[in-house]
Asker: 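Would you mind keeping the following structure in view while I ask a few things?
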Number of protein chains: 2
Amino acid sequence: MTKKSPAPEAVKAWGRLLRVSRQLVEKTEDILKAGGLPPLAWYDVLHELAEAGEGGLRPFELIDRVLLAQYNVSRLLARLEADGLVEKLPVSDDGRGQTVRITPSGREMRRRIWAVYGAAIADLMGDKLSAKELEALASLLGRLRDPPVGD
Amino acid sequence: MTKKSPAPEAVKAWGRLLRVSRQLVEKTEDILKAGGLPPLAWYDVLHELAEAGEGGLRPFELIDRVLLAQYNVSRLLARLEADGLVEKLPVSDDGRGQTVRITPSGREMRRRIWAVYGAAIADLMGDKLSAKELEALASLLGRLRDPPVGD
DNA sequence: TCTATATGGATGCATTTGCATCGATCGTCA
DNA sequence: TGACGATCGATGCAAATGCATCCATATAGA
C-alpha cells in the first residue's frame with residue numbers, strides 16, 4: 001500500500017497548529033504557576049464538574065470530556081479530592097462506580113483560576129484576532145475535530 | 001488592577017484550538033507508536049538537523065526551533081546520540097558548547113518517520129480542508145504566534 | 001444458576017518531565 | 001590581568017505520565 005503525501009498547505013497549517021498551541025499552553029501554564037494556581041487540567045475538570053451540577057459526573061464521563069487517559073483522570077481526581085475540591089460519592093445502581101461532585105471550595109478555586117485563565121485567553125487570543133476571525137478559526141478547527149463539528 | 005474578561009468567540013476558539021491540537025497529536029503519536037517509530041519530538045529534532053546540513057546546530061539553537069525546554073533538549077539529544085542518529089562535535093570557538101549533526105542513520109530514520117507522519121498529516125488535515133482553507137487557517141494561527149508571522 | 005466476558009476504576013513499575021542547581025567556559029569591565 | 005556576571009549544557013531529585021495489570025462488579029449466555 002502506498003502512503004499518502006500531504007499537501008504543502010496542509011504541512012504548513014499543521015506546523016503552525018502544533019507550535020501555536022504549544023506556545024499558548026506553555027504561556028498559560030506559566031501564568032497560572034506564577035499566580036500560585038494549579039495547572040490547566042485542574043481547571044478543565046473543575047469546569048466540567050461545575051457544569052454538571054449537583055448530580056456530578058462519573059469518572060468515565062469525564063474522560064471523553066477532558067480528553068485525558070483513564071489513569072490520568074483517576075489520579076487527577078485523587079489529587080483534587082485530597083485538596084477538598086471534589087468529593088466522591090458511591091453510586092447506587094453500579095457498585096463499581098462512583099460519582100464525582102465539585103465542592104464549594106472547588107467552585108471557588110475554579111473562579112480563582114478563571115480570573116487568571118480568562119485574562120490569558122483575552123490577551124493571547126482575544127486581542128489578536130477580531131470576533132469574525134475568531135469565529136472563522138473556530139469553524140475551521142471544528143472541521144478537524146473527530147467527529148467534525150459545525151458552526 | 002482589573003482582570004480582562006475574554007470575548008465568547010475567543011473562548012470558543014481557544015477551546016477548539018487546545019482540544020483539536022491535543023487530539024491530533026495524540027492520534028499521530030499512536031500511529032507512530034503502532035509503526036514502531038519514535039515520538040514526534042524525535043522527528044522535529046531530526047528535521048531541524050537535516051535542514052541545518054553538515055554544519056549542524058548548537059543545542060541552544062535547537063531549543064527555540066523545536067520549542068522544548070533546555071533540559072529536554074539535552075536529554076533528547078543524549079537519546080538520539082545513543083541510538084546513533086546524531087553525533088556531537090566539539091566546537092572550536094566555544095569551549096562550553098558542541099555542535100550536533102545528524103548522521104546518515106539519522107537521515108534514514110527521519111525518512112521512515114516522515115512516511116508515516118506525512119500520511120497522518122494528509123489524513124488528519126489535508127483531507128478535511130481545502131487548500132484555501134488550510135491557508136486561511138495557517139494565516140490565522142500565524143497571527144497568534146509570538147512573534148506574529150504574516151503570509 | 002453458573003461461568004465467561006466486559007466494564008469501571010485503581011495502582012506498581014518504568015520512563016519522561018519539571019525544577020533547581022551545578023560545573024565549566026565566555027565576555028566584560030576595572 | 002583578575003574578578004564577576006552571563007551563558008552553555010548536564011544532572012539529581014521529585015512529580016507526572018504511560019503501560020500493563022489488577023480487583024471488583026456487572027452483564028450475557030449456556
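Protein chains get the first letters and strands the later ones, always in sequence-line order, with residue 1 at the start of each.
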Asker: Does A/Q70 put a side-chain nitrogen or oxygen below 4.0 Å from OP1 or OP2 of D/dG18?
Answerer: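 So the side chain of A/Q70 is outside the cut-off, no N or O lying under 4.0 Å from OP1 or OP2 of D/dG18.
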
Asker: Take A/N72 and A/D94, find for each the nucleotide of DNA chain D with the closest heavy atom, and name the residue whose nucleotide sits nearer the 5' end.
Answerer: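 Looking at the nearest nucleotide for each, A/N72 comes out on the 5' side.
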
Asker: Take atom CD of A/E81 and atom C1' of C/dA10, then tell me their distance rounded to the nearest Å.
Answerer: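 It works out to 13 Å between those atoms.
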
Asker: Under 4.0 Å between a side-chain N/O of B/K88 and OP1 or OP2 of D/dC8, yes or no?
Answerer: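 False: B/K88 side-chain N/O out of range (4.0 Å or more) of D/dC8 OP1/OP2.
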
Asker: Does A/R143 pair with B/E133 as a salt bridge, N-O distance under 4.0 Å?
Answerer: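 Judged by the 4.0 Å cut-off on N to carboxylate O distance, A/R143 and B/E133 do form a salt bridge.
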
Asker: Without decimals, in angstroms, what is the distance between A/I63 CD1 and D/dT17 P?
Answerer: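 So the two atoms are 14 Å apart, to the nearest Å.
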
Asker: Between A/D30 and A/Q98, which is nearer to the 5' end of DNA chain C once each is assigned its nearest nucleotide?
Answerer: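 Nearest-nucleotide comparison on DNA chain C picks A/Q98.
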
Asker: Does OP1 or OP2 of D/dG9 have a side-chain N or O of B/R58 closer than 4.0 Å?
Answerer: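 Yes, B/R58 has a side-chain N/O under 4.0 Å of OP1/OP2 on D/dG9.
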
Asker: Any side-chain N or O of A/K33 less than 4.0 Å from the OP1 or OP2 oxygen of C/dC19?
Answerer: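 Checking C/dC19 against A/K33, a side-chain N or O does come within under 4.0 Å of OP1 or OP2.
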
Asker: Just one of B/L141, B/D146, B/V149 clears the side-chain contact (heavy atoms from CB on, under 4.5 Å) bar with A/V20, so which one?
Answerer: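 So the option named by the test is B/L141.
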
Asker: Can you measure A/R22 atom CZ to C/dT17 atom C1' for me and round it to whole angstrom units?
Answerer: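 To the nearest whole Å, that distance equals 13 Å.
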
Asker: Measure CD/B/E29 against C1'/C/dT16 and give the value in whole Å, please.
Answerer: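 To the nearest whole Å, that distance equals 12 Å.
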
Asker: D/dT7 C1' sits how many Å from B/D93 CG, rounded?
Answerer: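 After rounding, the gap between these two atoms is 14 Å.
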
Asker: Measure from OH on A/Y71 to P on C/dA14 and round the result to the nearest Å.
Answerer: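 Between P of C/dA14 and OH of A/Y71: 16 Å.
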
Asker: For B/Q98, is there any backbone N or O sitting under 3.5 Å from a side-chain donor or acceptor partner on B/R58?
Answerer: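 Such a contact is found between B/R58 side chain and B/Q98 backbone.
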
Asker: What integer distance in Å separates B/L68:CG from C/dT17:C1'?
Answerer: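 Whole-Å distance recorded here is 11 Å.
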
Asker: Donor-acceptor pair, distance only, cut-off 3.5 Å: does the side chain of A/R16 make one with the backbone of B/A138?
Answerer: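 Indeed, once roles are kept as given, a pair shorter than 3.5 Å links the two residues.
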
Asker: B/L89 has an atom CG; how far is it from atom C1' of D/dC8, in whole Å?
Answerer: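 Distance check: B/L89 CG to D/dC8 C1' gives 16 Å.
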
Asker: Look at the side chain of B/R96 and decide which nucleotide, out of C/dT25, D/dT25, D/dT11, has an atom nearest to it.
Answerer: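 Taking heavy atoms from C-beta onward, the closest nucleotide is C/dT25.
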
Asker: For the CZ atom on A/R112, are there more than 12 heavy atoms of other groups (residues, nucleotides or ligands in this structure) within a distance under 6.0 Å?
Answerer: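 Atom CZ in A/R112 is not crowded, with 12 or fewer foreign heavy atoms closer than 6.0 Å.
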
Asker: Measure from the side chain of A/R75, starting at C-beta and using heavy atoms only, and say which of C/dA6, D/dT17, C/dA10 lies closest.
Answerer: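 Of the options given, the side chain of A/R75 lies nearest D/dT17.
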
